[in-house]
Amino acid sequence: MASLPSVAVTRTPKSESEFRKYSASFLPSEKSPSVSYQRSTQLDGVSEARCLDFREALSFIREGTKVESAFYVPILQECIDKKLVSDAQKIHAHIVKTGAHKDAFLMTFLVNVYAKCGTMETARKVFDELPRRNVVSWTTLMTGYVHDSKPELAVQVFREMLEAGAYPTNYTLGTALSASSDLHSKELGKQIHGYSIKYRIEFDASIGNSLCSLYSKCGSLECAVKAFRRIRDKNVISWTTVISAWGDNGEAATGLQFFVEMLSECVEPNEFTLTSALSLCCVMQSLDIGTQIHSLTIKLGFESNLPIKNSIMYLYLKCGWIHEAKKLFDEMETISLVTWNAMIAGHARMMDFAKDDLAAHQCGTEALSIFLKLNRSGMKPDLFTFSSVLSVCSSLVALEQGEQVHAQTIKTGFLSDVVVGTALVNMYNKCGSIERASKAFVEMSIRTLISWTSMITGYAQNGQPQQALLLFEDMRLAGVRPNKITFVGVLSACSHAGMVDEALDYFQMMKNEYKITPVMDHYACLIDMFVRLGRLDEAFDFIKEMDLEPNEFIWSILIAGCRSQGKLELGFYAAEQLLNLKPKDTETYNLLLNMYLSAGKWKEVSRVRKMMKEEKLGRLKDWSWISIKDKIYSFKRNARSHAQSGEMYELLGNLHEKAKSFGYEWEESLEVTDEEEDADEEKALTSIVYHSEKLAIAFGLLNTSNAVPIRVTKSISMCRDCHNFIRIISLLSAREIIIRDSKRLHKFINGHCSCGDFGTLI
DNA sequence: CTAGGGTTAG
């Protein structure tokens, strides 16, 4: 995208906030006490004076002096800002005592105070006792319910209001529209749209803005844009809403185009527009435009705006500009919980974009240490924090940290949140603790599509395909509509169980009953299934018949199957197809190399090596991690630098000997890893290559009690030899061993693995 | 009294 058009900066300092509007209505009389109560307009950092003034004003009220209504407003505003419900109650009592409660305007404001503080029962009570009701009081109550996530009550109040014969304003209808959009009810929204026509305010910006946002939330992007186009005087909010609408519906690039259009129409963006635009850059990972918007925010005078700083920091994290992000973070003199959350979530997202698993692991570890700092800072984590942290624990297979977070969510009451609950279910699933996952799932009071999908996938990944399918039927009975991700779980369950007929039935159900277009992952599950069953020809037929061009992953599955079943001809064909795709992944090349090496095809070996050089691919990095208590230990292939290295190798040696009597035979894997690193680690000491997961397991066996499973993550796929060996270790040591490698989860129990022994490509 | 920054499943 081209550069942004430049904006003429004619910015005046931001005017005093909302309370001025109110206080202007209450002209102070001469009898008012002469306390000068100046509310600071600074967003960040509460000055001491301001606190003092607030306390002074409060003590003045406590003394019981009769004051003018105007005196209460700024103090109540402070109660709103800081959610000081008990102070508000004291003021309320004072108002009643001195007879000021006859002032309908003041009491309406009090409804607003209780509503904003999230105490809707009291707000409703004050509202019911109002001497006079007007549109503002009705609207205030509605807004309160919307903010309190009770849109159905907001709609009920709206009905009451209409029955009472009050005329709604643009604000009322706007709020009613927000309620409909929270209810995801396009129908209700349309009815309210009708009212706006009836009251002749349909072209009003606030109506159009709310309509735009409603349609966007209901997934009707086209209607949203239409609503935007119909607005007569588009204001900055209209633009912000439509820009976000594009972004929320997966069209970030067009959203940015609208942002540019807005600038070229000389509408000056505000902080909300800028944060929206920045979040679009986040989605697109566009540092280029992001940095331009960053400078625009400075030009427009928002450099000290906290939400904007948070967004920029998050953007830099997501684009992997970790040092810039850290610099911003360190330079911030005031930070909010959102800042912490953005840091944690940013590191969590960076795990997905990290160049390899080693880097990803470091991001995750960093995220956990940021969470620790947040807890120490005295600030209280919220549902956003917990969801992110739990997802980090899942990725790291850090069960013990996850358990601690679980305890904290119970203590703080955030476990009742669906998203947190789902993240918890997912954490236990990813740590291979299926029993606790299912317990957490059962205990949820509400379940979303994502919760069901997470649990179904969990069963599939943990080697309980039957349970996965049963749960899928429960989900359908509960009236929850599966999406394409749910079907990835269902199909992979069938694949694991080798249930060909069921798999094909579910595939048809997905296409016909749910009208879901298959994506690559669905085909991958089915092809994987045929390969597992040794039905390579059928797998190949399926590849030929599918509507999508097979990708690297599909060919890799086929090659792995061909290799293990000695069908070299088909394997070579698949390899040619794979090479044409010029994969960017070291592991994929490694698979090819191994296939050609074991077949003695030296010409192809050197060709693959050459291609790897051309693609500037590094060597495989074989790292494993194990999390014990609140520490994560890392192990590199053949490493001998650990304090316990001696014991670890001794233990492994013994286990190797014992394993032989169980039919285990050393099987050399021809892998290409970092040769220099191997040389460093005194490879010459032994002819056996110790892959990193063996070391991690040995460390785990030495340092954990017999009762707990051993949980390891690994940066690349396990090789067949390690897989065979670990299967036997699980038998010999009577320990459950859970390994998540770069491809899948392996849960070894009593000599068996949940992947059905088809989880290894090398 | 309408708008914003941070969250979960492959």
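Just so it is clear, the values below take in all heavy atoms, side chains as well, and ignore hydrogens, waters and symmetry mates. All chains are named by letter (A, B, ...) in the order of the sequence lines, taking the proteins before the strands, and each is independently numbered beginning at 1.
Side chain N341(A) to base dG5(B): no donor-acceptor pair is found below 3.5 Å. At a cut-off of 3.5 angstrom, counting only N and O atoms as typed in the model, there is no donor on one side facing an acceptor on the other between the side-chain of N429(A) and the base of dA9(B).
Nearest to the side-chain atoms of V488(A) among the listed nucleotides dA3(B), dT7(B), dG10(B) stands dG10(B). Between dA3(B), dA9(B), dG6(B), one nucleotide has an atom nearer to the side chain of H147(A) than all others, and that is dA3(B). Listed nucleotides: dG6(B), dG10(B), dA3(B). Nearest to the side chain of I237(A): dA3(B). With distances taken from any side-chain atom of V338(A) to the nucleotides dG5(B), dA3(B), dA9(B), the minimum falls on dG5(B). The side chain of L383(A) sits closest to dT7(B) out of dT7(B), dG6(B), dT8(B). Nearest nucleotide to the T143(A) side chain, out of dA9(B), dT2(B), dT7(B): dT2(B). The listed nucleotides are dC1(B), dG6(B), dA9(B); the one nearest the side chain of A342(A) is dG6(B). Of the candidates dC1(B), dG5(B), dT7(B), dT7(B) carries the atom nearest the R349(A) side chain, counting heavy atoms from C-beta on. When distances run from any side-chain atom of D521(A) to the nucleotides dG10(B), dG5(B), dT7(B), the shortest one goes to dG10(B). Which of dT7(B), dT8(B), dA9(B) sits closest to the side chain of A345(A) comes down to dT7(B).
Rounded to an integer number of Å, the gap from NZ of K217(A) to C1' of dA3(B) is 10 Å. What separates CD1 of I201(A) from P of dT2(B) is a distance of 16 Å, to the nearest Å. When the P atom of dA9(B) is taken as reference, atom CE of M427(A) falls 13 Å away, rounded to whole Å. Whole-Å rounding puts the F329(A) CZ to dG6(B) C1' distance at 13 Å. What separates CG of N235(A) from P of dT2(B) is a distance of 14 Å, to the nearest Å. Here dT7(B) presents its P atom at 11 Å from CG of L317(A), a figure rounded to the nearest Å. As a whole-Å value, the separation of L315(A) CG from dG6(B) P is 11 Å. Counting to the nearest Å, the C1' atom of dA3(B) and the OH atom of Y171(A) are 12 Å from each other.
Residue Y314(A) is in sugar-phosphate contact alone, with no base atom involved, counting any heavy-atom pair closer than 4.0 Å across all strands shown. In this structure, T457(A) reaches the sugar-phosphate backbone alone: every heavy-atom distance under 4.0 Å involves primed, P, OP1 or OP2 atoms, never a base. Contacts of T241(A) with the nucleic acid, taken as non-hydrogen atoms under 4.0 Å apart, are absent. At a threshold of 4.0 angstrom between heavy atoms, the contacts of N170(A) with the nucleic acid are absent.
Paired with S394(A) under the rule side-chain contact (heavy atoms from CB on, under 4.5 Å), one option of V425(A), L399(A), N426(A), L424(A) passes, and it is N426(A).
At most 12 heavy atoms of other shown residues, nucleotides or ligands fall within 6.0 angstrom of atom CZ in F553(A). More than 12 heavy atoms of other residues, nucleotides or ligands shown are found within 6.0 angstrom of CG on D352(A).
Side-chain atoms of S388(A) do not come within 3.5 Å of backbone N or O of I344(A) as any donor-acceptor pair.
Checking the phosphate oxygens (OP1, OP2) of dA9(B), no side-chain nitrogen or oxygen of K430(A) falls inside 4.0 Å. At the phosphate of dG6(B), neither OP1 nor OP2 sits under 4.0 Å from any side-chain N or O atom of K318(A). Taking only side-chain nitrogens and oxygens, Y459(A) never comes nearer than 4.0 Å to OP1 or OP2 of dA9(B). Of the side-chain N and O atoms in N426(A), none sit less than 4.0 angstrom from OP1 or OP2 of dT8(B).
Stacking here means ring centres nearer than 5.5 Å and ring planes tilted less than 30 degrees, and by that measure F272(A) does not stack onto dA3(B).
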- prompt: Can you list the steps and then say if F371(A) with W340(A) is a ring pair (Phe, Tyr, Trp, His ring centres under 6.0 Å)?
  reply: CA-CA 8 Å; F371(A) 175 63; W340(A) 286 109; 9.8 Å; no
- prompt: After noting the C-alpha distance and the side-chain angles of Y506(A) and F487(A), does the key distance pass the ring pair (Phe, Tyr, Trp, His ring centres under 6.0 Å) rule?
  reply: CA-CA 8 Å; Y506(A) 280 122; F487(A) 275 103; 7.1 Å; no
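Both cation-pi conditions hold for R447(A) and F441(A): the charged atom is under 6.0 angstrom from the six-membered ring centre and inside a 45 degree cone around its axis.
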